[in-house]
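Per chain, numbering begins at 1; letters A, B, ... match sequence-line order.
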There are 2 protein chains.
Amino acid sequence: MSQNSCLVQKLSHYVPLNPRSRDNITRLERDERDYGKGTEIHREGQRNANLYVVKHGWLYSYTDMKDGRRQIVEIHHPGDIVGFSDIAFDTCTTVLRAAEDVRLCPFPKKDLDDVFRDAPQLAALLFALAVRNQVILIDFLQAIGRMSARERIAYLLLDLMARLRITNKSMKTVFRLPLNQTEISDVLGLTNVYVSRSFMALQKDGLIRRDNGTVEVLEEEKLVQLCDFVDRHSRVDTSWFPAG
Amino acid sequence: MSQNSCLVQKLSHYVPLNPRSRDNITRLERDERDYGKGTEIHREGQRNANLYVVKHGWLYSYTDMKDGRRQIVEIHHPGDIVGFSDIAFDTCTTVLRAAEDVRLCPFPKKDLDDVFRDAPQLAALLFALAVRNQVILIDFLQAIGRMSARERIAYLLLDLMARLRITNKSMKTVFRLPLNQTEISDVLGLTNVYVSRSFMALQKDGLIRRDNGTVEVLEEEKLVQLCDFVDRHSRVDTSWFPAG
DNA sequence: CGCTGCCTTGAGTTTAATCAATTATGGTGG
DNA sequence: CCACCATAATTGATTAAACTCAAGGCAGCG
């Protein structure tokens with residue numbers, strides 16, 4: 001059961017989990033639910049009783065503005081826990097939407113109190129990951145605040161690759177990108193039109209190739225140079241954790 | 001001793017602290033150090049052994065790009081804990097700089113393991129606050145990704161006010177803003193020149209007034225309308241916390 | 001075969017950046 | 001107290017990046 005858990009796989013990437021921690025994770029994944037592409041799993045302002053472990057498929061969280069502008073603030077992949085960022089509030093701060101067909105394991109927020117009481121190691125790891133997410137967000141903030149359109153796209157592609165490589169060690173330079181250009185523009189603070197132009201430009205320069213919803217990074221090093229990319233995903237510091 | 005701790009004050013704002021939690025906080029604040037305006041307390045890439053509780057003064061964290069562009073990603077006020085966002089890494093991801101003369105309480109990262117082992121309530125609160133910070137960051141991401149210059153400035157002013165009101169209940173609409181326009185531009189992803197123009201515009205429209213490093217918000221409601229502001233600071237959901 | 005949704009491309013516009021003076025402002029030492 | 005200096009803020013003129021609006025093309029699908 002927990003053998004095929006992406007969450008265990010993702011967390012084990014960082015620190016060997018003790019049995020108590022594994023038990024707690026298994027409890028978090030006891031339910032499963034499927035949602036079709038485009039479904040809103042929860043809306044801004046709704047009471048949020050649940051968090052979700054992602055089993056299959058991509059999702060994203062976004063915020064709307066009155067006049068229709070929108071900003072996607074996080075992309076969620078298999079193995080991620082969705083909803084941390086709302087844990088401090090009693091209503092959701094963002095809308096969660098399935099970018100394609102997905103399978104999730106919902107679990108109540110209240111389950112976390114067991115984790116904090118019984119499994120300090122896992123609590124510390126969740127804390128570290130939540131905080132790591134924040135650093136990733138900070139990197140994005142820098143990208144959106146200070147980079148040109150093509151740099152932002154480079155950044156996004158490298159960030160996605162780094163994340164996908166954690167749970168898929170065999171991945172090289174080709175990956176599926178199940179987001180349309182309007183969605184990408186909402187991630188990067190651009191317009192769909194300009195995303196298209198920038199993509200074409202990167203392609204013309206031979207840095208990437210696209211084919212029907214997949215992207216191939218041809219010149220990873222050049223992309224890294226282009227946007228000063230730093231991989232925050234592959235390692236976290238566990239030295240301060242309470243002993244297992 | 002802990003009576004005059006801004007950290008206790010800030011945390012107590014959210015949940016009554018039990019004696020064990022208070023003891024742990026007092027330990028975190030046992031050292032004090034002063035730093036002059038402009039000091040770099042730590043640099044990107046440095047080994048980060050410490051976190052800091054802010055006693056007096058404002059600081060900010062920023063990241064540099066090779067070509068000199070810079071993005072300020074967080075502003076720190078008295079009562080804040082600085083360094084959470086680096087806890088997951090063994091080196092700092094941002095530069096921490098004193099915006100004015102400041103007093104800090106450094107404490108080693110390793111002290112957090114006591115908190116996780118002994119004080120689950122405090123651990124949960126720190127977790128909630130770290131995650132709340134993330135939501136604030138998300139709001140900023142939206143501001144920078146999708147708002148015009150004047151909207152961004154409105155957003156920043158309202159955000160600062162909401163934060164300052166937590167530890168200073170008597171604050172109405174006037175506050176000190178110890179950041180120059182170049183720093184503000186680095187917060188908002190603009191240039192110093194455009195910050196100046198946008199400030200002038202807001203002032204001409206009678207929404208704010210400035211005087212020698214202080215800002216007065218004259219039309220708070222209009223500013224809120226202008227940028228769709230939501231206060232994330234005044235409350236956090238503590239319902240899921242382990243019992244005190 | 002014709003929709004529909006998505007991507008691409010072109011033309012014109014707008015916002016904010018850049019470059020360059022000029023004007024406060026505050027602090028310092030004579 | 002005042003002259004001087006450095007720093008910060010304002011303003012103007014020009015440029016560039018990205019947006020908007022609009023049209024056309026392509027692929028997948030019923």
Inset, instruction - Measure the spacing between CD1 of A:Ile72 and CD1 of B:Ile138 and express it to the nearest 0.5 Å. - result: 12.5 Å
Inset, instruction - Can you spot which of B:Glu183, B:Glu74, B:His76 makes a side-chain hydrogen bond (donor to acceptor under 3.5 Å, both in side chains) with B:Tyr60? - result: B:Glu183
Inset, instruction - Could you tell me whether B:Arg150 contacts a base, only the sugar-phosphate backbone, or nothing, with contacts defined as non-hydrogen atoms closer than 4.0 Å? - result: nothing
What nitrogen or oxygen pairs link the protein and nucleotides 19-29 of chain C at under 3.5 Å?
{"residue": "C:dG26", "atom": "OP1", "partner": "B:Asn212", "partner atom": "OD1", "Å": "2.9"}
{"residue": "C:dG26", "atom": "OP1", "partner": "B:Asn212", "partner atom": "ND2", "Å": "3.2"}

Legend entry - Exceeds 12 heavy-atom contacts within 6.0 angstrom, atom CZ of B:Arg30: yes
Is there any protein nitrogen or oxygen under 3.5 Å from a nitrogen or oxygen in nucleotides 23-25 of chain D, and what are the pairs?
none

Inset, instruction - Let me know the distance between CD of A:Glu183 and C1' of C:dC6, rounded to the nearest Å. - result: 11 Å
Inset, instruction - Go through the steps for B:Phe229 and B:Leu223 under the test side chain to side chain contact (heavy atoms under 4.5 Å, CB included), then give the verdict. - result: CA-CA 8 Å; B:Phe229 181 76; B:Leu223 283 186; over 6 Å; no
Inset, instruction - Give A:Arg152 one of three labels, base, sugar-phosphate or nothing, depending on what nucleic acid heavy atoms sit under 4.0 Å from its own. - result: nothing
Inset, instruction - Return no unless some side-chain N or O of B:Thr191 is found under 4.0 Å from OP1 or OP2 of C:dA17. - result: yes
Legend entry - Within 6.0 angstrom of A:Lys109 NZ, more than 12 heavy atoms from elsewhere: yes
Legend entry - Chi angles and distances behind the side chain to side chain contact (heavy atoms under 4.5 Å, CB included) call for A:Ile208, A:Ile153: CA-CA 11 Å; A:Ile208 62 168; A:Ile153 295 208; 5.6 Å; no
Legend entry - d(CE, B:Met147; C1', C:dA16) in whole Å: 17 Å
Inset, instruction - Describe the nucleic acid contact of A:Gly213 in one word from base, sugar-phosphate, nothing, applying a heavy-atom distance below 4.0 Å. - result: nothing
Inset, instruction - Please state how far atom NZ in B:Lys204 lies from atom C1' in D:dA9, giving the value in whole angstrom units. - result: 13 Å
Inset, instruction - Using a cut-off of strictly less than 4.0 Å, decide whether B:Arg210 has a side-chain nitrogen or oxygen near OP1 or OP2 of D:dA8. - result: no
Inset, instruction - Return yes when atom CZ of A:Arg210 has more than 12 non-hydrogen atoms of other residues, nucleotides or ligands closer than 6.0 Å, and no otherwise. - result: yes
Legend entry - Side-chain N or O of B:Arg146 closer than 4.0 Å to phosphate OP1/OP2 of D:dA18: no
Inset, instruction - Please answer whether the main-chain N or O of B:Asp139 pairs with a side-chain N or O of B:Gln142 as donor and acceptor at a distance below 3.5 Å. - result: no
Legend entry - For B:Arg146, the option from A:Asp186, A:Asp67, A:Thr63 that meets side-chain hydrogen bond (donor to acceptor under 3.5 Å, both in side chains): A:Asp186
Legend entry - Whole angstrom value for the distance that separates P of D:dG28 from CG of A:Asn180: 16 Å
Legend entry - Atom-pair distance (CE on A:Met200; C1' on C:dC6), nearest Å: 13 Å
Inset, instruction - To the nearest Å, give me how far apart CG (A:Leu188) and P (D:dC19) are. - result: 10 Å
Legend entry - Given DNA chain D, 5'-ward residue of the pair B:Lys37 and A:Tyr194, judged by closest heavy atom: B:Lys37
Inset, instruction - Round to the nearest Å and state the distance from B:Asp67 atom CG to C:dT18 atom C1'. - result: 14 Å
Legend entry - Distance test, side-chain N/O of B:Gln181 to OP1/OP2 of D:dT10, below 4.0 Å: yes
Legend entry - Length of the CG-P vector between A:Asn192 and C:dC7, whole Å: 8 Å
Inset, instruction - Measure the acute angle between the ring planes of B:Tyr52 and B:His42, then classify it against the limits of 30° and 60° as parallel, tilted or perpendicular. - result: tilted
